[in-house]
Structure formats: structure tokens, C-alpha cells
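Being a predicted model, the structure only gives us computed values, none of them experimental. We name chains A, B, ... by the order of the sequence lines, and we start the count at 1 in each one. What you see below is based on every heavy atom in this structure, not just the backbone, and it leaves out hydrogens, waters and symmetry mates.
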There are 2 protein chains.
Amino acid sequence: MAGMKQVQRQTGVALWRQIADRIREAISSGAYDETGMVPPETVLALQFGVNRHTVRSALAALAQEGIVRAVQGRGTLIERKERLNFPISRRTRFTDGLGDQARETHSLLLGHAEEAANAEVARWLRIEPGTPVIRLETVRDADRRPVARGTSWFPAARFPGLVETYRQTESVTKTFAALGLSDYVRATTEITAAHADSGDLADLELTPGAVLLITKAMNTDLDGVPVQYSISRFAADRVQFTIEN
Amino acid sequence: MAGMKQVQRQTGVALWRQIADRIREAISSGAYDETGMVPPETVLALQFGVNRHTVRSALAALAQEGIVRAVQGRGTLIERKERLNFPISRRTRFTDGLGDQARETHSLLLGHAEEAANAEVARWLRIEPGTPVIRLETVRDADRRPVARGTSWFPAARFPGLVETYRQTESVTKTFAALGLSDYVRATTEITAAHADSGDLADLELTPGAVLLITKAMNTDLDGVPVQYSISRFAADRVQFTIEN
DNA sequence: TCGAAATGTCTATTGATATAGACAACCATA
DNA sequence: TATGGTTGTCTATATCAATAGACATTTCGA
């Protein structure tokens with residue numbers, strides 16, 4: 001069964017990085033749950049058909065991410081393996097959706113602006129291009145680990161003081177409530193995937209080549225009037241989405 | 001504005017591949033729609049802060065994928081930029097969902113087997129582990145381009161002759177209809193993202209490091225009894241999902 | 001306490017990646 | 001048809017990625 005877990009050569013992605021990605025995936029899928037450890041370097045080298053030093057480079061990268069910890073004489077221990085689940089439904093809310101999956105969640109406001117809606121934002125919010133909108137740039141953490149970074153736009157006229165309220169509540173739901181919108185629903189969600197860009201790498205503490213799940217979502221009030229359009233970029237190795245119909 | 005589009009060095013992902021991924025993304029987002037061409041190599045080299053030869057490696061990779069075509073003396077033309085949209089709803093069907101986005105769709109049956117349900121399949125189909133199930137391995141094309149590869153499981157007792165029917169109809173919906181199940185609904189969809197593995201690279205004609213959207217989906221009959229569980233792996237640069245609530 | 005098994009460190013060599021510069025070939029158009 | 005702008009090709013060099021082998025160090029159990 002040697003060489004079963006194949007890697008590709010000469011493709012612009014270093015073998016050690018491909019192997020790191022495979023092991024990370026294997027860890028989060030529970031493949032090593034019995035021992036709580038990654039197989040020995042020599043075994044992995046045999047499985048992937050590469051030199052032991054190449055495996056060591058991969059494990060060093062995972063150690064850097066805090067996923068594993070090597071102990072001389074014992075082996076390489078798994079430190080962390082969770083993947084958060086986000087339900088997507090008419091009632092989708094970021095923090096509530098996490099439920100008891102995280103003990104602690106935070107939303108850090110990176111920046112904000114009041115600006116004129118561009119064509120895309122105007123289309124989603126169903127307003128005229130050029131209408132004033134408020135833009136928020138946020139990073140969301142769960143248990144001190146960044147999970148997603150996002151940009152949200154809101155019609156400016158409807159939500160005066162939104163920025164300050166959001167900064168205090170760290171919650172869109174609470175901000176809406178404080179500004180007189182007691183309930184809202186998720187109308188549309190688009191999901192794509194892509195590689196992380198340099199901004200993602202910094203904000204989400206990722207390594208290049210990392211995979212993102214990207215959502216474009218629109219929320220409306222109970223009359224169907226759009227109140228929020230947001231683009232969120234999730235670290236794909238930390239989350240999954242669930243849709244119940 | 002030089003060096004605006006940043007790339008990361010010494011991270012196991014070659015610069016030319018990072019740049020290829022960025023340009024691919026820029027193309028599909030319509031950034032170069034005005035000219036129908038990629039900017040000149042010297043301009044890209046300046047933007048990314050790399051040598052022109054490095055940009056050429058990236059463009060060569062995109063040409064290999066059929067996304068661009070370089071013409072000496074003129075520039076590098078964009079050949080293809082589409083991204084298919086898959087609506088996910090209670091009525092989700094693969095081929096119908098594509099609507100008029102593709103002129104021609106195919107489903108190639110790679111393999112099939114009758115086997116005992118493992119723990120995961122049993123849980124999703126709500127049957128006892130060990131119950132006989134039929135497994136289908138398929139690759140789906142749209143306009144001659146592979147879009148997704150998938151594995152589906154069906155309760156064997158309920159659908160005798162399923163394999164032969166599917167091979168003829170190339171459609172789950174038509175197969176169900178032929179076997180007496182006139183209608184069904186999508187109950188649950190889980191979405192994750194990951195890097196392509198070696199099987200994906202071959203079946204979907206991808207290059208290593210490519211990004212996949214992965215769905216685990218369960219369909220039921222109108223009484224809520226599971227009739228199909230499937231894991232599908234979509235080439236992320238060719239598709240997006242839309243959820244309407 | 002010895003030995004097996006595991007990670008840590010070092011040297012050396014080869015091939016892929018990236019930079020640098022120069023010039024050829026080709027296209028559109030003024 | 002001359003020119004500027006573009007892609008194509010070649011040489012040379014430095015650095016990173018990967019292989020190979022040897023041996024040290026640590027842990028754990030027989």
C-alpha cells in the first residue's frame with residue numbers, strides 16, 4: 001500500500017505543502033483520532049512516496065499553524081482538529097449559528113466608511129447606484145481563532161449610528177435591534193471557493209495556497225426590503241456550511 | 001500603484017502558480033472584460049512585483065488550461081471566463097439547475113458497485129450499517145468540460161436495475177422516475193472546500209493546488225425517506241452555488 | 001538499564017524556481 | 001513602410017525544494 005496517498009510534482013506547489021494540506025485534512029476528518037498522533041515521519045514518507053525530510057517540512061508547517069506538536073522520542077501530537085459548522089437558512093445569523101460550538105466569539109471591526117454604492121452593491125441592495133451606504137470591514141473569531149473576514153454594506157439612510165452600535169455589540173443582529181429592526185431574514189446566499197489572497201493570509205492567519213469558502217449574502221427585513229449585503233471569506237479548513245431544506 | 005497585487009514568497013507555493021490563480025480569478029470576475037485581453041506581461045510583472053519570466057510561467061499554465069491564448073505581437077487573449085451557477089434548494093437537480101447555462105450536459109458513469117453501507121452512508125440514508133446499497137461513481141460535464149465528480153449511494157432493495165437505467169438516462173431524476181419514484185426533494189446539503197486530490201486532477205482536468213467545492217447531499221422521497229446520499233466534488237473555478245431562502 | 005522507536009541535526013547533491021538581460025519575431029497602425 | 005508595443009527565445013546566475021545518508025537525542029517499555 002506504499003505510495004497510496006499521491007502527490008504531484010512540478011506543478012508549482014511544493015510537495016511539503018501538498019503533504020501538509022493532506023495531513024491537515026486527515027486530522028480534521030478524524031483519521032488519527034485513535035492515537036491522537038500523526039503517524040511516524042518514516043511511515044508518512046513511505047505513504048506519500050517522498051523523503052523523510054520532505055515530510056518533516058510539512059509537519060514543521062503544521063506545527064507553525066499550531067495544529068500539531070512534535071515531541072522527540074514520542075511522536076507528533078495533534079493539538080487541534082475542530083471544524084465549525086455554519087447552518088445556512090432563512091434564519092441565518094453568524095453568532096447564533098455557531099451555538100455551543102465555540103465558547104467565545106468576537107467580531108473585530110477593521111474599518112468602516114460611508115460611501116456611494118457601486119453597481120454590485122446597488123444591485124444586491126436594490127437601490128440606485130450612488131446611494132450612500134455604510135461599509136464595515138470585520139474579522140470574526142471563534143475561541144480566539146479567526147474564522148472569517150467580511151465586508152458588509154448597509155443603506156446609510158436607514159441605519160444612522162450603525163458603526164458605533166456595531167462596535168459595541170459586535171453583532172449585526174443586536175445592531176439592527178438597537179436601530180429599530182427587530183427581525184430580518186436571509187434572502188440569498190451565493191457560495192464559491194478560491195485561494196486566499198494576501199489580505200486573507202494576514203487577517204485569517206493562513207498560509208499561501210490556503211482555500212477559502214466565499215459567500216455573498218443578502219438579508220432583508222420582514223417586508224423583503226434588503227437591509228444588508230455582505231461578502232464573507234471563511235478559512236475552509238476551519239468551517240463547513242449546512243443547508244437544511 | 002506598482003506591487004499592489006501582492007504575492008508571498010517562500011511558502012511552498014511557487015510565485016507563478018499564485019499569479020496564475022490571481023489572474024484566473026480576475027478573468028472570471030470580469031476585470032478584463034473591456035479589452036478581452038490580459039494586460040501585457042511587462043505590466044503584470046510590475047503589478048505583481050516579479051520578473052517578466054515568472055509572469056510568463058503563470059500565463060503558460062493558464063494557456064494550458066485553455067483559459068487564455070497568447071498571440072505574438074498582439075497580446076494574451078481571454079478564451080473562456082464562465083462560471084456555472086448551481087441553485088441549491090428543495091428542488092435541486094443537477095441538469096435542470098443548469099438551465100440554459102450549458103448547451104449540452106453529460107454524466108459519465110466511471111464505476112459502480114453493490115456493497116454494504118458503512119457507518120457514514122448508513123447514517124445519512126437512515127438505514128442499518130451493513131444494509132446493501134448501490135454506489136455510483138460519476139463525472140459530469142457541461143459543454144464538454146468536466147464540472148464535478150461524485151459518488152452516490154442508493155438503498156439497493158428499493159431500486160433494482162438502477163445502474164443500467166442510469167447509464168442509459170445519464171440522470172438521477174429520470175432513473176428515479178423509471179423505477180417508480182416520480183418526485184424527490186433535497187433534504188440536506190453540506191458544503192466544504194479543499195484542495196484537489198490526484199483523482200480530482202485526473203477526472204476534472206485540473207492542476208495541483210486547484211480548489212474544490214465539496215457537497216454532501218441527501219435526497220428524500222415525498223414522505224421524507226432518504227433515497228440518495230451523494231458526495232460531489234466541483235471544480236471551484238467553474239461553478240458557484242446559490243441558495244434562495 | 002538496555003534497546004527499539006521516534007524526532008532532531010548535519011552534510012552533500014540534484015533539479016525546480018526566480019531573477020536578469022539581450023534580442024528576435026510578430027502585429028497593428030500612424 | 002517605419003515604428004512602438006507585444007510575445008517568443010536564449011544564456012547565465014542565485015536561491016529554494018527535494019533526495020540521500022549518517023548519526024545524535026529523547027522517550028518508553030521490556
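Phosphate proximity of C/dA5 to A/T42: absent, as no side-chain N or O sits under 4.0 Å from OP1 or OP2. Contact annotation: A/T76 reaches the phosphate of C/dT7 (side-chain N/O to OP1 or OP2, under 4.0 Å).
Two residues, B/V71 and A/V71, neighbour DNA chain D, and the one matched to the more 5' nucleotide by heavy-atom proximity is B/V71. Along DNA chain D, the nucleotide nearest to A/S57 and the one nearest to A/G73 differ in position, and the one closer to the 5' end is contacted by A/S57.
Taking every side-chain heavy atom of A/Q72 into account, D/dA24 is the closest of D/dA24, C/dT19, C/dA28. When each of C/dG8, D/dA17, D/dT7 is scored by its nearest atom to the side-chain atoms of A/A70, the top-ranked nucleotide is C/dG8. If you check C/dT7, D/dA18, D/dT7 against the side chain of B/R52, the one that comes closest is D/dT7. Distances from the side chain of A/L15 to the nucleotides D/dG8, C/dA20, D/dT19 place D/dT19 closest. For A/V50, taking side-chain heavy atoms from C-beta onward, the closest of the listed nucleotides D/dA17, D/dG8, D/dT19 is D/dT19. Closest contact between the side chain of A/E41 and the listed nucleotides D/dT19, D/dT27, C/dT7 involves C/dT7. Closest to the side chain of A/H53, from the set C/dA20, C/dG8, D/dA20, is D/dA20. Comparing D/dG8, D/dA18, C/dT19 against the side chain of A/W16 picks out D/dA18 as the nearest.
When the C1' atom of D/dT27 is taken as reference, atom CZ of A/R69 falls 14 Å away, rounded to whole Å.
Between A/R140 and A/E170 there is no salt bridge, since no side-chain N of the basic residue sits under 4.0 Å from a carboxylate O of the acidic one.
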